[in-house]
Amino acid sequence: MPEKYHPAELEPAAQQHWEQTAAARAVEDTTRPKYYCLSMFPYPSGKLHMGHVRNYTIGDVLSRFHTMLGYNVLQPMGWDAFGMPAENAAMQNNVPPAAWTYQNIEYMKKQLKSLGFAIDWQRELATCTPQYYHWEQWLFTRLYEKGLVYKKLGTVNWDPVDQTVLANEQVIDGCGWRSGAPVEKREIPMYYMKITAYAEELLAELDNLSGWPEQVRLMQKNWIGKSVGVRFAFPVVYPGKAGTNLPSPALSPGLSPKGREEASDFPLPQGEGSREREGVGGEGGEAALPDKLWVFTTRADTIMGVTFCAVAAEHPLAAHAAKNNPQLAAFIEECKQGGVAEADLATMEKKGMPTGIFVTHPLTGEQVEVWVGNYVLMGYGEGAVMAVPGHDERDFHFAQKYGLPIQQVIGEKGEGGSEKGFSTEAWEDWYASKEGYCVNSGKYNGLAYEAAVDAIAADLAAKGLGEKKVQFRLRDWGISRQRYWGCPIPIIHCPTCGDVPVPDDQLPVVLPENVEITGAGSPLARMPEFYECTCPLCGGKARRETDTMDTFVESSWYFLRYCCPDNATAMVDERVHYWFGNGGVDQYIGGIEHAILHLLYSRFWTKLMRDVGLFGDLKLDEPFKNLLTQGMVVAPTFYRENAEGKKQWINPAEVDLKTDERGRPVGATLKADGQPVIIGGTEKMAKSKNNGVDPQALIDQYGADTARLFIMFASPPDQSLEWSDAGVEGGFRFLRRLWKAVFEHVQVGIVAACTSSDGLPGAQADLRRKLHQTIAKVTDDYGRRKQFNTAIAAVMELLNAADRTELAGATGRALAQEVLEAAVLMLFPIVPHIGQALYGYLQPGADAGKTVFPKCDESALKQDELELVLQVNGKLRGAIRVGATADKATIEAAALANEAAQKFMEGKPAKKVVVVPGRLVNIVV
RNA sequence: GCCCGGGUGGUGAAAUUGGUAAACACAAGGGACUUAAAAUCCCUCGCUUAACAGCUUACGGGUUCGAUUCCCGUCCCGGGCACCA
């Protein structure tokens with residue numbers, strides 16, 4: 001055994017050993033319990049960053065731990081290989097996206113291998129290969145036939161200069177990131193997946209996901225947003241025709257009464273299809289002129305306080321009103337400015353303009369004016385809202401701004417039972433409370449929230465103007481992307497047959513790999529050799545769809561494909577039954593930033609695949625049994641602005657940071673030129689902000705084990721971690737100390753490990769107790785708590801205690817052997833390379849990774865005496881020693897007799913004595 | 001703006017079910033060894049105080065014998081918001 005720890009020699013040797021013994025190969029074996037340990041696959045951005053190291057180390061620790069517990073472990077890895085950065089890189093460096101991606105995969109795979117993860121590389125997959133996306137296209141066509149995929153208009157960010165659709169990330173302060181031109185909203189036809197059809201199940205199943213963090217379940221619940229409310233209508237009164245619900249004949253010439261009838265309710269009545277605006281060709285705006293304005297509200301109890309209504313700029317009523325009103329038309333144009341991101345819409349200034357159109361309040365018969373509001377979204381709900389400024393904060397401020405009436409219709413009792421005062425001058429939070437009762441509401445006065453909603457809904461229903469309705473916040477999933485580097489949508493547009501799904505024998509629709517990326521429009525739409533095709537139904541000339549799918553689609557089922565990545569004839573096969581038996585993936589690990597979208601879409605796709613019948617008799621409703629959401633690894637961001645005011649992000653490694661005496665940053669300069677840079681926020685490591693830290697330097701200098709140990713020791717996995725390499729040195733030092741301890745023991749000679757505390761001298765019995773306490777704690781930390789920093793600390797404590805214990809004699813040598821073997825095995829999941837080597841020296845010929853995890857010897861934990869903390873009035877005043885079996889009375893007596901206790905009781909009698917068994921005694925005087 | 005988290009020494013953090021706040025480390029300071037350096041080992045290390053002791057878990061309240069932990073409010077930081085992945 002070498003005297004010194006040399007990771008550079010020992011790590012490749014250990015990795016070679018695992019490769020030769022196929023240690024990580026996972027083979028279906030029904031005689032053993034399986035453990036499917038899944039980490040979120042990376043986007044091949046170029047290099048691993050610390051977030052990856054953290055994620056995959058957690059996965060590897062759990063995988064290796066469960067292997068040592070006897071499970072048949074599967075730990076796969078793959079590449080989420082489609083996406084925007086490849087197109088950006090193509091534009092910047094003139095590399096085709098495919099070549100760039102495969103190059104990145106190759107490098108990152110090498111990095112992953114150098115970290116020693118026990119990954120079954122035979123199951124590796126990349127989503128950009130036809131072998132993978134073939135099945136995504138196949139399922140798409142099945143879903144299209146089932147009506148679970150449909151087409152409607154959707155709103156996107158449009159860059160009028162680059163003539164291209166932008167991602168929300170590419171819209172900066174309302175302008176296109178490359179052109180700098182103000183972005184506009186534009187409606188284009190897109191394919192949607194009907195996730196709303198599964199809203200109820202996606203919500204209900206959250207309650208069964210007991211292995212998921214409460215936080216994530218809550219976020220998904222709020223995202224789905226089930227609410228029960230009332231959908232009702234305001235009959236529309238057109239100018240000059242007060243008192244009629246019908247459009248003026250002058251405004252809609254040539255429309256027969258029957259046609260009017262059919263076109264009446266707009267948007268379409270309730271039901272899943274109600275918000276689909278089918279196709280692009282619906283130019284007959286006049287025909288769609290509504291005679292009722294439908295809205296949805298969860299606050300029907302405030303209906304008597306409606307003083308105006310607001311519709312989206314794209315609402316047909318708005319368009320109609322704008323025809324003879326150039327000012328309104330200009331305002332509607334203004335509303336189309338800016339992007340579509342909800343965060344921007346929610347924080348922008350609320351603006352509106354009256355349409356001159358009035359609607360009739362369905363209960364009071366009063367005339368209520370319709371406004372166009374920039375904060376009302378066409379794609380959400382009915383594209384129209386009732387406004388109750390008295391009891392909705394946004395409406396309140398809107399009404400104040402435009403001088404619209406504010407009417408109190410809900411009252412509440414304050415402290416002492418007096419009525420709370422309502423003022424139209426200043427908003428107070430209780431105005432929006434559901435705790436009050438109706439006032440100024442005629443027959444509804446005095447009713448509390450639920451009773452009022454019920455009564456009002458019943459009255460609306462009686463008039464045929466509304467009913468109670470369940471509504472979800474969740475919207476259908478738009479999957480069309482006007483981009484190149486994605487999975488082609490397998491649809492053929494035929495002038496005679498319409499949209500035709502590509503038949504199975506023509507799948508996959510292969511994405512051409514040699515293209516020119518210009519950043520303006522989709523390259524596929526400029527490639528006749530791609531889009532020119534014949535209709536599979538009629539054989540006529542047709543055009544292939546050139547949009548690709550949202551990359552979230554690939555990541556919604558990759559975990560199923562890992563079971564059978566080699567199957568060329570089916571999406572999944574019976575191997576799924578083995579790995580997804582017993583409730584699915586046993587442990588899924590990934591960043592908390594995926595709490596909603598990725599995890600919800602994956603749940604959805606699993607249900608879709610189930611309902612297409614792909615799982616046979618396997619009961620699989622949810623893909624992930626246990627979920628560990630790791631906190632993000634965050635790092636500071638730095639940038640400079642160029643002449644056009646665009647931000648150039650600078651990597652933290654290239655920056656010198658100056659701090660004040662309290663450690664707060666006061667300035668930063670670029671190392672290269674010494675000139676100042678601007679300090680941005682601390683954010684998750686991301687390519688777009690160039691604040692990723694490459695772990696390679698760390699691995700090169702200290703080895704994989706130190707990198708793994710350090711990142712596990714830095715903080716618990718679910719906590720976000722601000723990156724700093726201070727302390728890496730300490731991790732390396734610990735491994736060196738561990739090596740030295742084993743070396744010195746082996747030098748004297750290995751012996752059989754101690755197996756019992758019988759006959760051990762006191763100090764050695766104490767150490768052995770500490771050992772088995774540590775085993776119990778580490779097992780619990782790995783298994784139940786999934787908190788690895790405390791497991792490492794516990795082993796450090798154990799080794800510190802061993803250092804302080806005399807272990808020279810025969811019993812001591814045996815105990816030292818037991819302690820060292822256990823310590824090495826306990827650390828093995830975290831630092832497997834050094835563990836593999838050291839265990840080989842302690843147990844020649846043994847393979848640490850195939851050794852059973854140490855078991856706690858309960859008999860070693862026994863103690864005759866316990867120390868209890870002594871408190872007087874809750875303050876620490878000393879300690880008492882009592883027999884391990886002492887009863888409450890004995891403990892009380894010992895506590896009261898204690899000198900320190902008597903001093904702080906100052907002669908007063910004890911009012912009460914609280915005894916917490918095994919912990920403390922508190923004397924209350 | 002809305003939804004979800006977080007805030008404990010100079011730093012990363014620990015305290016698992018309401019029961020000793022600061023375990024385990026890092027950094028710093030002092031010492032030993034050394035011609036010297038590195039490495040290693042030992043000691044000190046929340047704040048106030050000469051000491052006794054008092055104070056301390058972002059801030060302000062509350063519940064409790066006892067609160068980092070539970071409740072209410074405030075501030076700050078991070079994540080998500082449907083086309084970053």
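Chain naming here is simple, since letters A, B, ... match the order of the sequence lines and numbering starts at 1 in each. Heavy-atom basis, side chains included; hydrogens, waters and symmetry copies ignored. Bear in mind that the values here come from a model prediction, so they are computed numbers and not experimental data.
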Worksheet item: Counting just side-chain N and O atoms, does A:N789 come under 4.0 Å of either OP1 or OP2 of B:A14?
Response: yes

Practice prompt. Using whole Å, report how far NZ of A:K888 lies from C1' of B:C65.
Written response: 12 Å

Item to complete: Under 4.0 Å between any heavy atoms, over every strand shown, what does A:F552 touch: base, sugar-phosphate, or nothing? Just pick one.
Response: base

Discussion item. Starting the side chain at C-beta, find the nucleotide from B:G54, B:G12, B:C4 nearest to A:F713.
Written reply: B:G12

Item to complete: Determine whether the aromatic ring centres of A:Y375 and A:F398 lie less than 6.0 Å apart.
Response: yes

Practice prompt. Quick one: label A:E593 by what it contacts on the DNA or RNA (base, sugar-phosphate, nothing), any heavy atom closer than 4.0 Å.
Written response: base

Item to complete: Classify the side chain of A:K777 versus the base of B:U16 as yes if they form a donor-acceptor pair under 3.5 Å and no if they do not.
Response: yes

Worksheet item: Using the P atom in both, what is the distance from B:U49 to B:G10, to the nearest Å?
Response: 16 Å

Practice prompt. Have a look at A:A714 and say if it touches a base, only the backbone sugar-phosphate, or nothing, with a 4.0 Å heavy-atom cut-off.
Written response: sugar-phosphate

Discussion item. Which nucleotide wins on minimum distance to the side chain of A:L218, given the candidates B:C4, B:A15, B:C84?
Written reply: B:C4

Worksheet item: Do A:N691 and A:T637 have side-chain atoms, one donor and one acceptor, less than 3.5 Å apart?
Response: no

Discussion item. Categorize A:G478 for me: base, sugar-phosphate, or nothing, with a 4.0 angstrom heavy-atom threshold over every strand shown.
Written reply: sugar-phosphate

Worksheet item: Is the NZ or CZ atom of A:R736 positioned over A:Y5's six-membered ring, under 6.0 angstrom from the centre and within 45° of the axis?
Response: no

Discussion item. With a cut-off of less than 4.0 Å, is there a side-chain N or O of A:N222 near OP1 or OP2 of B:G80?
Written reply: no

Discussion item. I want to check one thing: is the phosphate of B:A53, taken as OP1 and OP2, less than 4.0 Å away from some side-chain N or O of A:K903?
Written reply: yes

Worksheet item: Distance between the C1' atoms of B:A32 and B:A25, in whole angstroms?
Response: 23 Å

Discussion item. Are A:W477 and A:Y601, when compared by the centres of their aromatic rings, separated by less than 6.0 Å?
Written reply: yes

Practice prompt. Can you tell me the distance, in whole Å, between the CE atom of A:M40 and the P atom of B:A85?
Written response: 15 Å

Discussion item. What contact category does A:P42 fall into here, base, sugar-phosphate, or nothing, at under 4.0 angstrom with non-hydrogen atoms?
Written reply: nothing

Item to complete: Return yes if the base of B:C65 and the side-chain atoms of A:N922 contain a donor-acceptor N/O pair under 3.5 Å, otherwise no.
Response: yes

Discussion item. Checking contacts here: which listed nucleotide (B:A15, B:A39, B:C41) is nearest the side-chain heavy atoms of A:R737?
Written reply: B:C41

Worksheet item: Do the side-chain N or O atoms of A:Q170 get closer than 4.0 angstrom to the phosphate oxygens (OP1, OP2) of B:C83?
Response: no

Item to complete: Considering only atom C1', compute the distance from B:U20 to B:C65 and round it to an integer number of Å.
Response: 16 Å

Discussion item. Taking the C1' atom in each of B:C4 and B:G9, what is the distance between them to the nearest angstrom?
Written reply: 29 Å

Practice prompt. Select one nucleotide: of B:G12, B:G5, B:A85, the one nearest the side-chain heavy atoms of A:Q215.
Written response: B:G5

Discussion item. Has A:D550 got a side-chain atom pairing as donor or acceptor with A:V553's backbone, closer than 3.5 angstrom?
Written reply: no

Fill in: Nearest-Å distance once atom C1' is located in both B:A22 and B:C41
25 Å

Worksheet item: Out of B:A13, B:A82, B:A85, which nucleotide sits closest to the side chain of A:Y43?
Response: B:A85

Worksheet, complete the sentence: Paired to B:A51 by Watson-Crick or G-U wobble criteria (both distances under 3.5 Å) is none

Worksheet item: Would you say the side chain of A:Q871 and the base of B:C65 hold a donor-acceptor pair, judged only by whether the two atoms sit under 3.5 Å apart?
Response: no

Discussion item. Counting the atoms with a prime plus P, OP1 and OP2 as sugar-phosphate, which does A:V924 contact under 4.0 Å by heavy atoms, base, sugar-phosphate, or nothing?
Written reply: sugar-phosphate

Worksheet item: A:R475 near the nucleic acid: base, sugar-phosphate alone, or nothing, with a heavy-atom cut-off under 4.0 Å?
Response: base

Item to complete: Rounded to the nearest angstrom, tell me the gap between atom NE2 in A:H594 and atom P in B:G80.
Response: 9 Å

Discussion item. Can you check the distance between B:U68 and B:C59, where both ends of the measurement are the P atom (answer in whole Å)?
Written reply: 11 Å

Response to the item:
From CG of A:L377 across to P of B:C81 the rounded distance in Å is 16 Å

Discussion item. Assess, by modelled atom type and distance only, whether the side chains of A:D547 and A:Q482 contain a donor and an acceptor separated by less than 3.5 Å.
Written reply: yes

Fill in: Minimum-distance nucleotide (side-chain atoms of A:T790 versus B:A15, B:A82, B:C83)
B:A15

Worksheet item: Rounded to whole angstrom units, what separation is found between the NE2 atom of A:H49 and the C1' atom of B:C84?
Response: 12 Å

Item to complete: Could you check which of B:A13, B:A82, B:G79 has an atom nearest any side-chain atom of A:S715?
Response: B:A13

Discussion item. Tell me the interatomic distance from A:K911, atom NZ, to B:C65, atom P, rounded to whole angstroms.
Written reply: 10 Å

Worksheet item: Does B:G1 pair with anything, Watson-Crick or G-U wobble, both distances under 3.5 Å, and if so, with which nucleotide?
Response: B:C81

Practice prompt. Please tell me which of the listed nucleotides, B:A82, B:A15, B:A85, lies nearest to the side chain of A:R785?
Written response: B:A15

Fill in: Paired nucleotide for B:C45 [Watson-Crick or G-U wobble; both distances under 3.5 Å]
none

Practice prompt. Take A:T551 and A:V728, find for each the nucleotide of RNA chain B with the closest heavy atom, and name the residue whose nucleotide sits nearer the 5' end.
Written response: A:V728

Worksheet entry | Selected nucleotide, minimal atom distance to A:L597 side chain, candidates B:C83, B:A82, B:C24 | B:A82

Item to complete: Test for a donor-acceptor pair under 3.5 Å between the base of B:U16 and the side chain of A:R784, counting only N and O atoms.
Response: yes

Fill in: Identity of whatever pairs with B:U63 - Watson-Crick or G-U, under 3.5 angstrom
none

Fill in: Separation of the C1' atoms in B:C70 and B:U57, to the nearest angstrom
16 Å

Item to complete: Specify the residue among A:E729 and A:F82 whose closest nucleotide of RNA chain B lies further upstream toward the 5′ end.
Response: A:E729

Item to complete: Using distance alone, with no hydrogens and no angle criterion, decide if A:R603 and A:Q220 have a side-chain donor and acceptor under 3.5 Å apart.
Response: yes

Discussion item. Please name the nucleotide paired to B:A23 by Watson-Crick or G-U wobble geometry with both distances under 3.5 Å, or report none.
Written reply: none

Worksheet item: Is the A:Y133-A:W557 ring centre distance short of 6.0 angstrom?
Response: no

Item to complete: Would you mind reading off the distance between A:I188 atom CD1 and B:C83 atom C1', rounded to a whole angstrom?
Response: 10 Å

Practice prompt. Have a look at B:G31 and give me syn or anti from its glycosidic angle (syn if within 90° of zero).
Written response: anti

Item to complete: To the nearest Å, give me how far apart CG (A:D344) and P (B:C81) are.
Response: 12 Å

Practice prompt. Ignoring backbone atoms, test whether A:R733 places a side-chain nitrogen or oxygen under 4.0 Å from the OP1 or OP2 oxygen of B:A25.
Written response: no

Discussion item. Work out how far the C1' atom of B:A67 is from that of B:G60, and round it to whole angstrom.
Written reply: 16 Å

Worksheet entry | Mutual orientation of the aromatic rings belonging to A:H52 and A:Y56 [parallel < 30°, tilted 30-60°, perpendicular > 60°] | parallel

Worksheet item: Taking the side chain of A:A346 as heavy atoms from C-beta outward, which of B:A82, B:G12, B:G1 is closest to it?
Response: B:G1

Discussion item. Side-chain N or O of A:R481 versus OP1/OP2 of B:C84: is the shortest distance under 4.0 Å?
Written reply: no

Discussion item. Donor-acceptor pair, distance only, cut-off 3.5 Å: does the side chain of A:D159 make one with the backbone of A:D162?
Written reply: yes

Fill in: Sugar-phosphate only, base, or nothing, as touched by A:D780 at under 4.0 Å among non-hydrogen atoms
base

Discussion item. Looking at A:Q787, I'd like to know whether one of its side-chain N or O atoms comes within less than 4.0 Å of OP1 or OP2 on B:A15.
Written reply: yes

Worksheet item: In the structure shown, which nucleotide is the Watson-Crick or G-U wobble counterpart of B:A58, with both distances under 3.5 Å?
Response: B:U74

